[in-house]
Each structure stands twice: as structure tokens, then as C-alpha cells.
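In what follows, a single structure is set out as C-alpha cells and then discussed.
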Amino acid sequence: MKNVHCSKNLTGLVLILLLVGFCTLPSIFTSPASARDSLKVGLLEEPKTLNIWMASDTWSSKVLSQIYQPLYIREPEKLDLIPWLAESDPLYNAADLSYTVTLRPAKWSDGTEVTAEDVIFTGEFIQEFKIPRYASYFKFVKKIEALDQKTVRYHLEKPQAIFLSRTLTTPIVQKRQWMPIVNDIRGKDKPLAEIINVKIDQPIGCGPFVLKEWQQGAYIFMAANPDFFGRSLTIAGHKLGPYIDGIIFKVFGTSDAAILALKKGTIDMFWWGIQAGYIEDLKKQKTVEIHTNDKSALYYLGFNVRKAPFSDPALRRAIATLIDKDFIITRILQGYAIELDSVVPPGNRFWHCPNVPSYGKGLPRNERIKAAYDILKNAGYSWDTPPVDPKGKISAAKGLRLPDGKTMEGFTILTPPADYDPNRAMTGMIVQEWLRQMGMPATSRPMAFGALIDQVKSRHDFDAFVLGYGKLSLDPDYIRNFFSSSNDKSKGSNMSGYRNPEFDRIAEESAATMDAKKRQDLIWTMQGIILEDVPYIPIYNPKVVEAVRNDHFKGWVDMIEGIGNHWSFCLVEPR
């Protein structure tokens, strides 16, 4: 009886949920034709805010990227920066270190013109209030001035390479909407806190879509913007729409629920990476198609090079030789990743250096052990029981001794826990076993992610760790941040404590080099130095696997980081 009672309750709950869902359907569903021509996109979580200055979460960024637009964006093929809200490439004047940008004819979603004053306001706003995420992109900008209503000139204090890739790709906001907010908070004790706490119910943008409805916890409806500046223009070889009536973002909370909705046709796209366990099932669905693209990501093993024994690059190279990346990718990631040899993923074609040192590539286990043995032996290491006997036979090693004759003490490889990221936790476990074969007393220890970051980044109290950057900037300036001596400090980006004056010199030169080809040479040199010294061992770059229905819409554009991009949403059309 108890089960029957529960069943009745459950049925009632489902009916209530269905009724609630029906009652909260967006008004667009009252028009069958419009509903059919609106793209239904599943999100895992609710956006946290529509205030672009505090939108650091993925879900807010996905929604706001359809509203606020930058001057330049990446085209999907070569990832070159191309004019977007800007009409043409920026004009550089080396004599006075200035860039001149001309805007396309464009309107805000309230019908007013996008002008040079909006661009100037955005830059000066970021500078005055030191907006996190954007302030570093503008700190070398001396002045921004309007030459006329559609022309802006940026004056730089010094050459800075990220001006093109970061400053000019910052989203532009409307002065008319934000000026009253600035006037209200300017002079208050904590103006930045006031800004990031401002609630924006109706963001005014100039992008392909405008916000129409947000039912918290259920959906967001964005209508196609009839005044979108790119509509009917051909940019990067694509004639832009949007060719749909709008986008309905539906929040599901779990991948299970979203993927079930995709299979049933309730949504047309799940805007999130599909985990390996779902992929084979989705491949069997005739109305679902899978898109697989590169990510700009770096998953790696890092060392604390501030102290022995990991201060010795020979030991780090030997460990790099023992790590079989292909095994990790095929056995742990089920093939949905690529090997990383450099700290710049190969999908970032212009900046990726293909000729960095790679250790043990393609070698079977025994050959890796022999190669690592040679590296360590030549560097003065010895064993109580070596891994390779005089006849070349491999056996379990014991008692690795450092060049000073002391036995290597036990050390720990920190990883995130399996319920946070099973791939990194399992990677730590398998690396532990490979190192033990060489007589290295390694122990892999999963720990809470926040505690791991505190231990590695703030307190520098660790031996080695497995971490990852899931979304690297396409501008490689992050290499400078990760490995420059100046960032070897508590909470600094140089977590390994790597210090190399020659690397620092080249890194600073790269940051100030405006010529792309010359900068590419410097960035490639930096990658070579890092892979020679290996403070990090790059291991894998996961693929982003996404799924869409193929019976309602067509026209998805594949590019690095997946099909959820400006190009897709401006080109997708009903079948």
C-alpha cells in the first residue's frame, strides 16, 4: 500500500510540474509558427545575472553574449580577429602609438544609435572603476577620444600586444543606460561593489538577439533583433541573419534531464559538453547529430620547483618520459581528447608551436622506463634496486637515491576529487603507479578543489598536482602569466614557482610586440623553453562534444570551443 501511495503522489507531482510548465510557457508558444522557428536550447543552470560587469559564470555569459557585442571577434576558420561592430581593421599609427577604429552603422535595442561616445564610455568606465576581468585590458590605454560620431581613437602609453586581442574584444555597453548608474554611485565609499550589485532587468545591446522574457528557474526567451547591425551583411564569407525568430533557453539542472529532452525533441540543442557515457546512446538517435570540436584547454601535471627534488629539471624530464598520454586519453578519457605536447593547444593554430621537446612519445612502457632510467642515471641518480639490470631487463625498482646520495622521500600528487573531476583524479592514480615502478615513492591524493587551490596557489605547500585550465584565452599571453618570475607569489598565476630570467625577458618582449609574426616567433620560443624545463607537463586537451537535433534546424558552425558561437546563432535556419 505504501508503494501505491507513493506512486499516486509521484503521479500527482508530475502532473503539477507539467501544468506549471505549461502555464509558464513563453508567450511565443501561443503562435505555433513562431514557436516552430524559435531555437530551443537547453542550459544546465540558471544565469546568475544580467549585469555584464559581474557575469563571471558560464550561463550568464552564454545569454549576454547574444546581447552585448565587441568591436572585433574571431572568425571560425583560422581564428583571425575580424571587424564585427567595427567596420574595418584598426588603423595603427606607430608614431603616436594610436589605433583608430570606425564603427559600422548600428542601433541599440532601444532604437538609438551606437556611437563613438558609447565606446569611449565603456573604456573609461572600466578604467575608473577598475572592473575585474577587464581592467588589465585597459591599464595601458592613455586616452580614448572621438574623432566624429562613428570614429574612435585609442592612445596607448606603450605597445601592448593584448590591445588587439583583449581590449578591442571587450563588449561595448550603452552610455545612456549606464551613465545614470555611474552618476548615482560615483563618490560612494565602495563604488565597485555598488556597480557589481546593480540589478539589470533589461540589458540594452546591439547583438543578434534581445531579451524578451525571463521566468526564473524555467526559461529565458530572446527574440531576434530586427535592427542587428550584421543582418544581411556578409562577414567572413557568411551572410548573417538571424534566420530564426528567437532562442528559448530552458534550464534543466542535470545532464540526464537535458539529454532526455534532446532525444524527445523538447529542445534542439544542449549547450554543454556531452559526457562520454552519453555519446554512444546519442549516436544511435537518427534525429540527433554529434559535433566534436577542439577546446582551448590545458590539463597538466605541475611541480613545485621551488624545492628539491622537483627543483631538478632532469627529474621532471624523467617523469614526463614515464607519462603515457595516449594511455590516459584512450583508457580514462575514452578517446575524447588529444595529446598535448605544448602549453598552447594545437587548435590555436597560429600560436601553437609544433616543435617543442616531447618525452617518450609513442614508446611502450618498458622503453619509457629505460629512457627515464638513462635520464636519471646521467643526472647522478642511483637505486638500491634499479629498474633496469645490466642486461636491459626491466624489474620493479626500489630506493631511488638523489644525486646527493639521500633516498628520495615520499611525495604527494594532489588532484581534484573523483566526484569533481574523475579524469584528473584517475590521472593522478595512474601516474602514481608509473612513478612507483621507477622507485619513486609517489602517492596520489584527491582533495576538495578549493583546498587544493589554496594549498597550491596561496600557500605553495605541495610537491606536485594535476590541474587544468578549461578555457584558455586564444591570445597566448597567458604563458607569460603562468611562468613569469614576477607571478611567483601567493595567489599568483605562477603556481610552480618557475624562475628563468631568459624566459622573463622574452615574455616581456612578446607582450610589447605588435607585429604578429615577430610575436609568434617569441611565443614559440617561450613554449620551447617551458617544455625544455617542464615546470608543467601538458597531458591532454579534452574535445568538446555537443549534440543537436537535425530535424528542425540546420546551419551550425563548428569552431574551437564548439558550435555555440556567434556564427551559429546568426546562421542557423529552419529546415
Side-chain angles (χ1 to χ4, degrees), residues 300-331 339-343 353-413 427-444 463-466 496 498 500 502-503 525 527-540:
Y300 62 96
L301 174 73
F303 299 101
N304 190 347
V305 305
R306 301 176 185 87
K307 62 179 186 178
F310 298 110
S311 53
D312 182 0
L315 177 62
R316 304 196 297 264
R317 291 182 199 120
I319 292 175
T321 304
L322 291 168
I323 293 178
D324 186 343
K325 300 172 187 176
D326 183 62
F327 182 95
I328 291 171
I329 290 166
T330 55
R331 301 296 181 87
E339 283 188 37
L340 272 189
D341 290 326
S342 180
V343 292
C353 177
N355 301 314
V356 296
S358 59
Y359 300 91
K361 198 174 185 70
L363 293 180
R365 172 68 20 212
N366 283 356
E367 295 302 317
R368 288 179 185 277
I369 292 174
K370 289 179 181 176
Y373 172 70
D374 289 341
I375 293 171
L376 292 174
K377 190 177 176 183
N378 291 335
Y381 290 77
S382 59
W383 288 261
D384 295 338
T385 302
V388 183
D389 70 14
K391 294 182 179 179
K393 184 179 178 182
I394 304 296
S395 61
K398 292 181 181 176
L400 177 63
R401 292 182 179 275
L402 306 179
D404 62 5
K406 295 179 180 176
T407 301
M408 187 179 197
E409 296 181 355
F411 64 91
T412 304
I413 304 169
T427 295
M429 290 293 292
I430 192 65
V431 170
Q432 164 196 289
E433 295 306 313
W434 288 333
L435 301 191
R436 286 181 176 178
Q437 288 178 339
M438 287 294 290
M440 299 181 192
T443 300
S444 176
D463 301 310
F465 60 96
V466 178
S496 271
Y498 177 69
N500 182 332
E502 178 65 5
F503 176 88
T525 301
Q527 292 173 67
I529 292 173
I530 291 303
L531 268 298
E532 184 67 34
D533 289 344
V534 284
Y536 285 5
I537 301 172
I539 300 179
Y540 62 85

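We're numbering straight along the sequence, starting at 1.
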**OP:** List the steps and the verdict of side-chain contact (heavy atoms from CB on, under 4.5 Å) for Phe411 and Met440.
**Re:** CA-CA 8 Å; Phe411 64 91; Met440 299 181 192; 4.0 Å; yes
**OP:** Start with the C-alpha gap between Tyr540 and Leu340, add the side-chain angles, then the distance that decides, and say whether side-chain contact (heavy atoms from CB on, under 4.5 Å) holds.
**Re:** CA-CA 5 Å; Tyr540 62 85; Leu340 272 189; 5.6 Å; no
**OP:** Report the C-alpha separation of Tyr300 and Val466 in whole Å, then their side-chain angles, then the decisive distance to 0.1 Å, and conclude whether the side-chain contact (heavy atoms from CB on, under 4.5 Å) test is met.
**Re:** CA-CA 6 Å; Tyr300 62 96; Val466 178; over 6 Å; no
**OP:** Start with the C-alpha distance between Thr443 and Ile413, add both sets of side-chain angles, then the distance that settles side-chain contact (heavy atoms from CB on, under 4.5 Å), and finish with yes or no.
**Re:** CA-CA 6 Å; Thr443 300; Ile413 304 169; over 6 Å; no
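A 4.5 Å side-chain heavy-atom check between Ile323 and Ile328 finds at least one atom pair inside the cut-off. Within the 4.5 Å cutoff, no side-chain heavy atoms of Glu339 are placed close to those of Ile539. Between Thr407 and Pro441, every side-chain heavy-atom pair lies at or beyond the 4.5 Å cut-off. Annotation: side chain of Asp341 is in contact with side chain of Lys325 (closest heavy-atom distance under 4.5 Å).
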Could you list the donor-acceptor pairs under 3.5 angstrom formed between side-chain atoms of residues 428-439 and any protein atom two or more places apart in sequence or on another chain?
residue, atom, partner, partner atom, Å
Gln432, OE1, Ser444, N, 2.7
Arg436, NE, Ala442, O, 2.8
Arg436, NH2, Ala442, O, 3.1

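Heavy atoms from other residues, nucleotides or ligands lying under 6.0 Å from CD of Glu502 number more than 12.
Remark: Pro390 engages no residue in a side-chain contact (heavy atoms from CB on, under 4.5 Å) (not counting sequence neighbours). In terms of the salt bridge (Lys or Arg N to Asp or Glu O under 4.0 Å) criterion, Asp312 has no residue partners (sequence neighbours excluded). Partners of Phe303 by ring-ring contact (aromatic ring centres under 6.0 Å, His included), not counting sequence neighbours, listed by chain and number: Phe310. Partners of Lys398 according to the side-chain contact (heavy atoms from CB on, under 4.5 Å) rule, which considers only residues two or more places apart in sequence or in another chain, are Thr385. Applying the salt bridge (Lys or Arg N to Asp or Glu O under 4.0 Å) rule to Asp384 yields the partners Arg401; only residues at least two apart in sequence or on another chain are considered. Residues forming a side-chain contact (heavy atoms from CB on, under 4.5 Å) with Ala308 (at least two apart in sequence, or on another chain): Ser311. Take Arg306 and apply the side chain to side chain donor-acceptor pair (under 3.5 Å) test, not counting sequence neighbours, and it matches Asn304, His460, Asp488. Applying the side-chain contact (heavy atoms from CB on, under 4.5 Å) criterion to Lys377, with sequence neighbours excluded, gives Tyr373. Residues passing the salt bridge (Lys or Arg N to Asp or Glu O under 4.0 Å) test with Asp324 are Arg368, sequence neighbours excluded. Remark: Ser342 engages Gln527 in a side chain to side chain donor-acceptor pair (under 3.5 Å) (not counting sequence neighbours).
When all heavy atoms are compared, the tightest approach of Pro357 to Tyr359 is CB-OH, 3.8 Å. Shown here for Leu376 and Ala314, the closest heavy-atom pair between the two residues is CD2-O, 4.2 Å. Pairing each heavy atom of Ser496 with each of Tyr536, the nearest pair is OG-CE1, 3.3 Å. For the residue pair Ala372 and Ala318, the shortest heavy atom distance occurs at CB-O, 3.7 Å. Of all non-hydrogen atoms in Ala371 and Thr321, the two that sit nearest each other are CB-CG2, 3.7 Å. The heavy-atom pair separating Val534 from Pro313 by the smallest distance is CG2-O, 4.4 Å.
Among residues at least two apart or in separate chains, salt bridge (Lys or Arg N to Asp or Glu O under 4.0 Å) pairs with a member in residues 531-540 are Arg317-Glu532.
The pair Lys361-Asp326 does not meet the salt-bridge criterion, since no charged nitrogen lies less than 4.0 angstrom from a carboxylate oxygen.
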